[in-house]
*Asks:* 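Structure incoming, see below.
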Amino acid sequence: MRSNPNNLVSNHSPLILGVSGASGLIYAVRALKFLLAAEYTVELVASKSTYMVWQAEQNIRMPVETLQQEQFWRQQAGVETQGKLHCHHWGNVGASIASGSFRTLGMVVIPCSMSTVAKLAAGLSSDLLERASDVQLKEGRKLVLVPRETPFSLIHLRNLTALAEAGARIVPAIPAWYHKPQTIEDLVDFVVARALDQLNIDCIPIQRWQGRD
């Protein structure tokens, strides 16, 4: 369910969904599911390493061709027709989302690998995911990173701090328990909802904390 629409950003502008090579692709799949079901326009870019993670975690081959990728991601998310989805090849640094003149609601990188974190903290843009993320920072738009790693080394923490100081929002993939999760999806959806909260997007029906009398 969506809260008061007057308090939320419009879903007419696209949201960039970045998927890096960290473990936990279910986070990206669930985020996409709810965004498309809520009729958002999603510009999706998966890093080169994501192909290997799909193979390792699910024994599934993610297509390279972008139109086939759109069908693939919709199939994984279980949303056939709702919303709009455009997939971009990781190496296409001339794509629309690589330019600051392309207006967006912001970008979520979920899950976000420590390699991606390190490159963003150093200002490197070796592929489209990193370039699109860098654009959000330079344009002063919202960039939300969902690191899926444990434990964090001092280097990881310093890189994450540098990105937070540059304006990124850091939402580690750490679920809560007060909503009494019953399934893995319940745990995942809590993290996804908190990530999207940073963009003022409320499209996931989770039990939020109401306080105690």
Side-chain angles (χ1 to χ4, degrees), residues 2-3 5-22 25 27-48 50 66-67 69-70 72-74 77 79 82-113 116-117 119-121 123-147 160 162-171 191-204:
R2 191 174 300 200
S3 16
N6 293 326
N7 295 328
L8 301 174
V9 292
S10 168
N11 59 356
H12 296 297
S13 296
L15 171 72
I16 304 175
L17 184 65
V19 187
S20 78
L25 289 173
Y27 288 107
V29 171
R30 297 295 287 183
L32 183 62
K33 170 185 174 66
F34 288 109
L35 287 167
L36 292 178
E39 299 292 349
Y40 280 87
T41 296
V42 179
E43 304 284 339
L44 190 151
V45 55
S47 72
K48 185 178 181 181
T50 307
T66 54
L67 290 179
Q69 264 197 44
E70 291 170 14
F72 170 85
W73 282 101
R74 281 189 175 276
V79 181
Q82 292 170 281
K84 295 180 181 179
L85 175 63
H86 304 120
C87 290
H88 301 272
H89 187 272
W90 64 272
N92 183 16
V93 293
S96 57
I97 59 175
S99 172
S101 64
F102 184 74
R103 299 296 298 272
T104 72
L105 299 177
M107 180 173 180
V108 181
V109 182
I110 180 171
C112 185
S113 69
T116 299
V117 165
K119 291 177 182 178
L120 295 180
L124 299 177
S125 299
S126 60
D127 64 13
L128 181 58
L129 188 153
E130 293 156 14
R131 170 59 185 172
S133 301
D134 188 58
V135 164
Q136 305 310 301
L137 289 177
K138 80 179 184 69
E139 296 294 329
R141 297 176 190 154
K142 294 182 178 179
L143 174 65
V144 182
L145 306 177
V146 184
L160 289 169
L163 287 168
E165 291 172 340
R169 300 292 293 172
I170 311 300
V171 185
V191 172
V192 174
R194 296 298 289 128
L196 295 181
D197 279 350
Q198 311 308 306
L199 297 165
N200 217 19
I201 294 175
D202 183 7
C203 62
I204 301 179

*Asks:* Can you name the residues that form a side chain to side chain contact (heavy atoms under 4.5 Å, CB included) with Glu139, not counting sequence neighbours?
*Replies:* Val135, Arg141
*Asks:* Distance from Arg169 atom CZ to Leu143 atom CG, nearest 0.5 Å?
*Replies:* 11.5 Å
*Asks:* Can Ile201 and Tyr40 be said to form a side chain to side chain contact (heavy atoms under 4.5 Å, CB included), step by step?
*Replies:* CA-CA 10 Å; Ile201 294 175; Tyr40 280 87; 3.6 Å; yes
*Asks:* Give, for atom NZ of Lys142 and atom CG of Asn200, the distance between the pair rounded to the nearest 0.5 Å.
*Replies:* 5.5 Å
*Asks:* What distance separates Leu44 CG from Leu17 CG, expressed to the nearest 0.5 Å?
*Replies:* 4.5 Å
*Asks:* Under a 4.5 Å cut-off applied to non-hydrogen side-chain atoms, are Val108 and Val192 in contact?
*Replies:* no
*Asks:* Here's a test for you: under side chain to side chain contact (heavy atoms under 4.5 Å, CB included), which of Leu196, Leu35, Asp197 qualifies with Ile204?
*Replies:* Leu196
*Asks:* For atom CZ of Arg74, decide whether the heavy atoms of other residues, nucleotides or ligands shown that lie under 6.0 angstrom number more than 12.
*Replies:* yes
*Asks:* Looking only at atom types and distance, does a side-chain atom of Ser99 sit under 3.5 Å from a main-chain N or O of Ser96, one as donor and one as acceptor?
*Replies:* no
*Asks:* Would you say Lys138 has more than 12 foreign heavy atoms packed within less than 6.0 Å of its NZ?
*Replies:* yes
*Asks:* Report the distance from atom CZ of Arg131 to atom CG of Leu124, rounding to the nearest 0.5 Å.
*Replies:* 12.5 Å
*Asks:* Do the non-hydrogen side-chain atoms of Ser47 and Thr116 ever get within less than 4.5 Å of each other?
*Replies:* no
*Asks:* Using a 3.5 Å distance criterion without hydrogens, assess whether the side chain of Glu43 forms a donor-acceptor pair with backbone atoms of Leu15.
*Replies:* no
*Asks:* Would Lys48 and Leu129 count as a side chain to side chain contact (heavy atoms under 4.5 Å, CB included) here? Give the steps.
*Replies:* CA-CA 10 Å; Lys48 185 178 181 181; Leu129 188 153; over 6 Å; no
*Asks:* When you measure from the side chain of Ser20 to the backbone N and O of Pro111, does any donor-acceptor pair fall under 3.5 Å?
*Replies:* yes
*Asks:* Rounded at 0.5 Å granularity, tell me how far CG in Leu120 sits from CG in Leu160.
*Replies:* 10.0 Å
*Asks:* Might you work through the side chain to side chain contact (heavy atoms under 4.5 Å, CB included) test for Val79 and Leu32, ending with a clear yes or no?
*Replies:* CA-CA 9 Å; Val79 181; Leu32 183 62; over 6 Å; no
*Asks:* For the pair Arg194 and Val146, evaluate side chain to side chain contact (heavy atoms under 4.5 Å, CB included) and give the outcome as yes or no after the intermediate values.
*Replies:* CA-CA 10 Å; Arg194 296 298 289 128; Val146 184; over 6 Å; no
*Asks:* Looking at CD of Gln198 and CG of Leu145, how far apart are the two atoms once the value is rounded to the nearest 0.5 Å?
*Replies:* 11.0 Å
*Asks:* Quick check: do Val93 and Ser125 have side-chain heavy atoms less than 4.5 Å from each other?
*Replies:* no
*Asks:* So, do Val42 and Trp73 sit near enough that their side-chain heavy atoms are less than 4.5 Å apart?
*Replies:* no
*Asks:* Got Gln136 and Ile16 here, is their nearest side-chain heavy-atom distance under 4.5 Å?
*Replies:* yes
*Asks:* Of all the heavy-atom pairs spanning Val117 and Cys112, show the shortest one and how long it is.
*Replies:* CG2-SG, 3.7 Å
